[in-house]
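Below, chain A is the first sequence line, B the second, and so on; all start at residue 1.
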Amino acid sequence: MHTTEVKILLEKYYEGATTLPEERQLEAYLLSPGADPQFAAEARLFGHLAKAKQETLPTAAAKEIEQRLQHTAPNPFYRSRQLWYYVGGIAAALLIFFTVAISFYRQPANTHFVAGTSYTRAEAEAAVLQTQQALAFVSAKWTQGTEPLKKLGTLQNTQDKMQNLGALDRNVKTINHSMTKASESLDELERLSKFKIVIN
Amino acid sequence: MIAAALVLMLTGATAQTQSPTDALFDKYGAKDGFTTVHITKELFSLFAEVTQEAEGDDMQELNKVVQGLDFIRILMLKDTVQSRQLTEFRNELNGVKLKDFSELMTVNEGGESVKFMIRKNGKNINELLLIINQPKEAGFISITGNIDLKTIAKLSKSMNIDGMENLDKIK
């Protein structure tokens, strides 16, 4: 193995970037008798590590540790903390639910309902305005349409009055005619009579 | 058999009570571009309460008119980018069969046409329908209930509003 390659692998090893085959390759080289003396320190380190790997725990000690682990009672603090997590989670969920529900159902502060109905004051006022406008439109168009009829009615009245005047005129003429006839009759009587008839 | 007869009877009853404009209102009521207004009897009953603070004879006259009404419905479509939509709606509006209605008069002015139609029950007018055709707008106003045309005619004198230009400002 070339020293440059060993240096690169060692650098990777210290950075924790080596793979297991690379580590095995490095270990095999450093622990081999042909390893370059400049890597003596690394060779010692790898030697210790290899030795440590081979060491095993005495059976009695291993059993004791295992037993202690099995019989250790759960820490009450951790158990209660778990419970508080549940309680806190439920409380937070309820808080969010009620906040959303209240904000959903709560009306704006400046809105109030008309007594005994489901309409707000603003809705009722808008309805009044719309009704007013719609009826005003209907009314205006109705007036516009019926106005000529009223004028026709006025014209008819004038015609009637004219006709009445005509009838009056005819009556006056008839009276005049009758008066003329009466006057002629009186003249005739006067001619026939020796006495003069005076009419006051 | 009995069930079929009942269905027929119910269908007949529904058809009798439904005004021809109901179909138009249902069809176009929720569509974009249409201004729809539906004011119910319940809202009319609130008029006195809402207008009690308002001064003037016009509010008194208005109260008098609306007390006998069942509802007012307005459906209007303004000419927008889609002028084809207005043409189609105008054609459908003018083609609606109004067999129970009789025409009172049509007011034409400056390209605007307003047709007055009434539906009567005996001597009483049950529905007043105005079919409005304007160059840039079309639609109808339907007023249902106990309608007193004389009182409505007086309204325009007491109010200073003679158009519908502000209707679309309120949704």
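Between B:K99 and B:R119 there is no side-chain heavy-atom pair separated by less than 4.5 Å. Side-chain contact check for B:E92 versus B:L24: some heavy-atom pair is nearer than 4.5 Å.
Between chain A and the residues B:I72, B:V107, B:V65, B:L43, the most heavy-atom pairs under 4.5 angstrom are made by B:L43. Interface summary for chain A: among B:T106, B:L149, B:I143, the most heavy-atom pairs under 4.5 angstrom belong to B:L149.
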Practice problem: Would you please test B:F71 and B:F44 for ring pair (Phe, Tyr, Trp, His ring centres under 6.0 Å) and show each step? | Solution: CA-CA 8 Å; B:F71 59 80; B:F44 290 141; 8.7 Å; no
Practice problem: Output, in order, the C-alpha distance, side-chain angles, deciding distance and verdict of ring pair (Phe, Tyr, Trp, His ring centres under 6.0 Å) for A:F46 and A:Y13. | Solution: CA-CA 11 Å; A:F46 272 78; A:Y13 179 79; 5.0 Å; yes
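For B:T40, the part sitting under 4.5 Å from any heavy atom of chain A is the side chain, from C-beta outward, and nothing else.
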